[in-house]
Each structure stands twice: as structure tokens, then as C-alpha cells.
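Below is one structure; the comments refer to it alone.
Since the structure is predicted, the reported quantities are computational estimates derived from the model, not experimental observations.
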Amino acid sequence: MPSLNVSFTDEELEGVRAAAAAEGKSLKQYLHDLGVREMQRKRFVAGAGAWADRLREEFDDAFPDEVPPSARPDGTAAA
């Protein structure tokens, strides 16, 4: 596994160390977990967006007054 060097300002490093200490983790473990959490967050957001896209038409049909004017076929305001 390749080694990675990351640079922080003194102020940034102080903040990262404090955050790691607050979670009871070593700096190395905290930075590892931070990267993993960010990957998981991105996957979750992408999945939630895809799920919403699949349901959008069904929702718009069920609740026509909730469709934003810019998304309405004729651009009119809600009733």
C-alpha cells in the first residue's frame, strides 16, 4: 500500500488533532476514518439522488401543487 504525505498548517493540524482526540482516536486512525466516511457519504448522496429521481414523476402526479413552477409544463403557478 502506498504511503501518503498530507500537509497541514499548524492551525489546521491543531484542529485535526483536537478532533481526533475528541473521538478518542489516533491521528492516523481519525484521518483514515474521515476518508472512509466521506466516500460513504458520497455514495449515500448519489443513491438518495437516484432514488428521488426515480420517484419524482410519481410524487409530482400525486401532489401537483408541490411541483415547482419552473418544472411545470406550462410554467404556471400552483392553484
Side-chain angles (χ1 to χ4, degrees):
M1 190 172 287
S3 178
L4 177 66
N5 291 319
V6 180
S7 298
F8 294 98
T9 65
D10 290 340
E11 185 177 320
E12 291 168 338
L13 187 54
E14 181 181 321
V16 173
R17 281 191 174 131
E23 290 192 22
K25 296 180 180 179
S26 69
L27 187 56
K28 184 176 180 178
Q29 185 63 50
Y30 178 79
L31 291 172
H32 169 268
D33 292 353
L34 190 62
V36 170
R37 281 194 309 261
E38 179 61 12
M39 287 188 315
Q40 291 170 337
R41 185 195 70 78
K42 286 181 178 181
R43 266 190 242 133
F44 174 82
V45 169
W51 178 76
D53 289 342
R54 286 193 307 271
L55 296 176
R56 183 166 285 116
E57 185 175 343
E58 180 182 340
F59 182 89
D60 289 349
D61 289 343
F63 304 100
D65 291 343
E66 298 298 324
V67 178
S70 60
R72 293 188 188 123
D74 59 2
T76 61

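- Note: the hydrophobic cluster containing Met39 does not contain Val45 (ILVMFWY, side chain heavy atoms under 4.5 Å, direct or indirect links).
- The nearest pair of heavy atoms linking Ala20 to Ser26 is CB-O, 4.0 Å.
- When each of Asp61, Leu55, Asp53, Asp60 is paired with Glu57, the side chain to side chain contact (heavy atoms under 4.5 Å, CB included) condition holds for Asp61 and for no other.
- Shown here for Leu31 and Phe8, the closest heavy-atom pair between the two residues is CD2-CZ, 4.3 Å.
- Following chains of ILVMFWY side-chain contacts shorter than 4.5 Å, one can reach Leu27 starting from Leu4, so the two form part of one hydrophobic cluster.
- With a 6.0 Å radius and a threshold of 12 heavy atoms from other residues, nucleotides or ligands, Glu58 has its CD atom at or below the threshold.
- Counting heavy-atom neighbours within 6.0 Å of Asp10 CG, excluding the residue itself, gives a total of 12 or less.
- Cluster annotation: Trp51 and Phe44 are assigned to distinct hydrophobic clusters (Ile/Leu/Val/Met/Phe/Trp/Tyr, side-chain heavy-atom contacts under 4.5 Å, transitive).
- Between Glu14 and Arg17, no side-chain nitrogen of the basic residue sits less than 4.0 Å from a carboxylate oxygen of the acidic one, so the salt-bridge criterion is not met.
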